[in-house]
Amino acid sequence: MFSDKEQFKEVFLRKLEMTYGKSVEETSKRDQFHVLGMMVREYISKDWIKSAEKARTSKSKQVYYLSIEYLPGRFLGNNLLNLGITGLIKDGLNDLGIDLAEIEDHEADAGLGNGGLGRLAACFLDSLASLSLPGHGCGIRYKHGLFEQKFVDGFQVELPEQWLRHGFVWEVRKPDLAEEIPFWGTVESYSDGGRLKFRHIDAVKVLAVPYDVPVVGYQNKTVNTLRLWSAEPSPVPWQKDIMKYKRETEAVTEFLYPNDTHDEGKILRLKQQYFLVAATLKSIVGTFRKKYKDIHRFHEMVGLHINDTHPVLAIPELMRILIDEENLTWDEAWKITTQCISYTNHTTLSEALEKWPVRILAPLLPRIYMIIHEINERYCQELWQEYPGNWNHIEQMAIIAHGEIRMAHLAIAGSFSVNGVAKLHTEILKTREMQNFYKLYPDKFNNKTNGITHRRWLMKANPELSGLITEAIGDGWKKSPEELEMLNQFDNDEAFLRRLREVKRTKKHQLADRIHKNTGLKVNVDSIFDVQVKRLHAYKRQLLNVFHILYVYNRMKEDKQYKPYPRTFIFGAKASPGYYYAKKVIKLINSVAEKVNSDCEVNKYIQVIFLENYNVSLAEEIFPATEVSEQISTASKEASGTGNMKFMMNGALTIGTLDGANVEMEERLGRDNIFIFGLHADQVLNYLSNGGYSPYDYYHGDERIQLICNQLINGFFPNSSDQFEAIFDSLLTENDQFFVLRDFASYISTQRKVEAAYQDEKSWSKKSLKNIAMSGFFSSDRTVKEYADEIWKIQTI
Ligand code: 26V
């Protein structure tokens, strides 16, 4: 159906008619999207069945990636690319007067994640399939993904996201494979041939129904599966009040929690975590049981990877299955469990480390709690052997303490591998945040620097650049992204560098069109496109970026001769709904945009654009058009970052701190091809442990800083004069925890270097080329290979 254009057209038209009973002219773009999607899914299905069959029958180890979030965005374009049929379909549709891009625009963006962590999971799935590795995603089918963001008077307003409104063509509902998940109730003990056993009784049961989504590998016939579980009422009327029961069961998978907010104590979130883990393990153990006789070999054939601590209940749940259902002893079960589970840590921010109050977890999951309690007892005994009498130390490392269960401690104790997501992050885990654990289990700790799929973020998002690259070095880089390094030979090729600039200009024009469409604003494509897109968080320091803009604005107002090189500052960021400070920064960016954009003295030089509802699809339009990438987190706070890599791969130059993966970018690029500024991680950590930072010194010592801080509260923003006191206070009363004022001078002077460098067109293009050439390392293919070889020990099928 997709090897011959004429045949494709014929089938497409026929299906369109059959499905909607309308002629092509009468069908909507959405109808067309839907039919094309169905055809592609049908086309995938043969390879999908084959791949699933291999997974079922082959005697090779399978890995299951458990993640509470996936942020895949749209599937159509990506599937066409990986199937290698984009050209044929584009041409065929063209013949019919239909623009493929327009159809693609009608796919909803699957936003079942908050940011970096969920997008990483989606990149990993793409790499697993593209490397023909037996690795599958397990997640939750939220009815509503991350909220949709709107700005009203410059304030963020959240609307429920509706990605399923018109159906999701890629999924296959599998009601026959549904599992029952028990909550509440009590644990009963009984004797089984003299052996003390436990069972969970009087539980409220929720039905977990799997929806499978195909994950298409890059031109290799592999199609893996992302299994998303949805909660439904169980058909048996367990409850007296059936309506209440229906509401409560369906609520389990109704919403994705906005993660970077304090949600401890939210019982629904805990239900989601157990729901994912219990449904996934039931299904895996069931499959294993059909294939193998001996449960003792479970860990040899199955790897369970937990993406952060959200799925950490996989540890006690697997223990429960092995002990209660498979009749193993504690020691046997523990050996298998700890050899199955591997864990990735994604943050060192202490406020982000999950802890669950015993009073919440114990009644909801009584048997699971018993097991966690027992794990803690035995583990503390082990600690006692190691540190006899040192109660303090043991208390610090315990899994349960002060009425709380520390999920990271459970993850470390119950797994064989703990990894950080960039070199610096892993070092900070080993020497600071988790040093006690590192001392006890040095061999568990390892680093796996994050990566991004170059298929979506370069080949799909930037076909113009991909084409140029392929013309220059052939297309080996598509399967071996490290070959991008071959581009280095064009370092002095004027003609090539010119074409690189032309590609960037094309992408800037396209983004300018998008900006115009979304905001009504016209941007200057000759200006530097300077971009910061990521979740809004104090540590990411969007505020520092704003301070730079205000500095340029103030300088222009003060010195009418001063003309900065034209620059368009572009932002995209969602704030967690309950995060007061972040919402103030959103309002501030919008206020600055209003001030700058409406001032005809400055708006020829600088413009500020804040795009609403930043998501994967918008990101695909932003990265290729960017020239300056803002990666300005307080050093030590950003575990890795992955946006930084997407910008680099598309030829943007980074202005950034030595934080997260920026450090490894700098290692590969050399100092001349990246703009580094600010405190180093050890300096920040030193300040944080020993004090010695006084933001007032910088406020009083730097007139530029003083002016900007004062503008936050002195009526400079006339319509929001009382809005920014909280930001002012965070800097001066609350001691500027993220060192915005401390890094200000260094940031400003580095921005002047960026500006100067940009004006040397040829040298800038060389730097840009170098960024593309050295970005192959940051392909998630490299990352996933490292996981496969060093942690999971799985091989290509
Ligand atoms: C959660 C919370 C919750 C409480 C309030 C503060 C806060 C801040 C951040 C988070 C997110 C933690 C997990 C996470 O998403 N980490 C991100 O993972 C990415 C993929 O590894 C990585 O690139 C980002 O640097 C890291 O922030």
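One-based numbering, in listed order, for ligands and for the atoms of each. When reading the values below, keep in mind they use all heavy atoms of this one structure, side chains included, and skip hydrogens, waters and symmetry mates.
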Engineer: Checking contacts here: is it the side chain or the backbone of Asn450 that comes within 4.0 Å of ligand 1, counting heavy atoms only? Could be both or neither.
Structural biologist: side chain
Engineer: Which of the atoms of ligand 1 are close to His537, meaning less than 4.0 Å from one of its heavy atoms?
Structural biologist: 6 (C), 7 (C), 8 (C)
Engineer: Show me which atoms of ligand 1 lie under 4.0 Å from any heavy atom of Tyr539.
Structural biologist: 27 (O)
Engineer: Ion pair present between Glu638 and Arg541, side-chain N to carboxylate O less than 4.0 angstrom?
Structural biologist: no
Engineer: So is Glu351 polar-close to ligand 1, meaning N/O to N/O under 3.5 Å?
Structural biologist: no
Engineer: Return yes or no for this condition: an N or O of Ser640 is under 3.5 Å from an N or O of ligand 1.
Structural biologist: yes
Engineer: Is the closest heavy-atom distance from Gly660 to ligand 1 below 4.0 Å?
Structural biologist: no
Engineer: Between Tyr787 and Phe124, is the ring centre distance below 6.0 Å?
Structural biologist: yes
Engineer: Does Arg782 come within less than 4.0 Å of Glu786, counting only side-chain N to carboxylate O?
Structural biologist: yes
Engineer: Compute the shortest N/O to N/O distance between Ala352 and ligand 1 and return yes if it is under 3.5 Å, no if not.
Structural biologist: no
Engineer: Do Lys534 and Glu630 meet the salt-bridge criterion of a basic N to acidic O distance under 4.0 Å?
Structural biologist: no
Engineer: For residues 641-649, please give each side-chain donor-acceptor pair under 3.5 Å, one per line with the distance, not counting sequence neighbours.
Structural biologist:
unit_1, atom_1, unit_2, atom_2, d
Asn644, OD1, Thr642, N, 3.1
Asn644, ND2, Ser640, O, 3.2
Asn644, ND2, Asn662, OD1, 3.0

Engineer: At a 4.0 Å threshold, what atoms of ligand 1 neighbour a non-hydrogen atom of Gly641?
Structural biologist: 22 (C), 23 (O), 24 (C), 25 (O)
Engineer: Can you sort out which atoms of ligand 1 are near Leu349, meaning under 4.0 Å from one of its heavy atoms?
Structural biologist: 8 (C)
Engineer: Heavy-atom distance to atom 16 (N) of ligand 1: which of Glu354, Lys448, His346, Arg535 wins?
Structural biologist: His346
Engineer: Does Phe777 have Arg668 sitting over its ring (NZ/CZ under 6.0 Å from centre, angle to axis within 45°)?
Structural biologist: yes
Engineer: With atoms numbered from 1 as shown, which atoms in ligand 1 lie under 4.0 angstrom from a non-hydrogen atom of Thr347?
Structural biologist: 12 (C)
Engineer: To the nearest 0.5 Å, what is the distance between CZ on Phe437 and CD1 on Ile412?
Structural biologist: 4.5 Å
Engineer: Assess Lys574 against Phe147: is NZ or CZ under 6.0 Å from the centre of the six-membered ring, and within 45 degrees of the ring's axis?
Structural biologist: yes
Engineer: Got an N/O contact under 3.5 Å between Glu638 and ligand 1?
Structural biologist: yes
Engineer: Taking 4.0 Å as the limit for heavy-atom contacts, which would you say applies to Asp308 with ligand 1: side chain only, backbone only, both, or neither?
Structural biologist: side chain
Engineer: Answer whether the closest heavy-atom distance between the side chains of Thr449 and Thr783 falls below 4.5 Å.
Structural biologist: no
Engineer: For Ala639, take its heavy atoms, then give the atoms of ligand 1 lying under 4.0 Å from any of them.
Structural biologist: 25 (O)
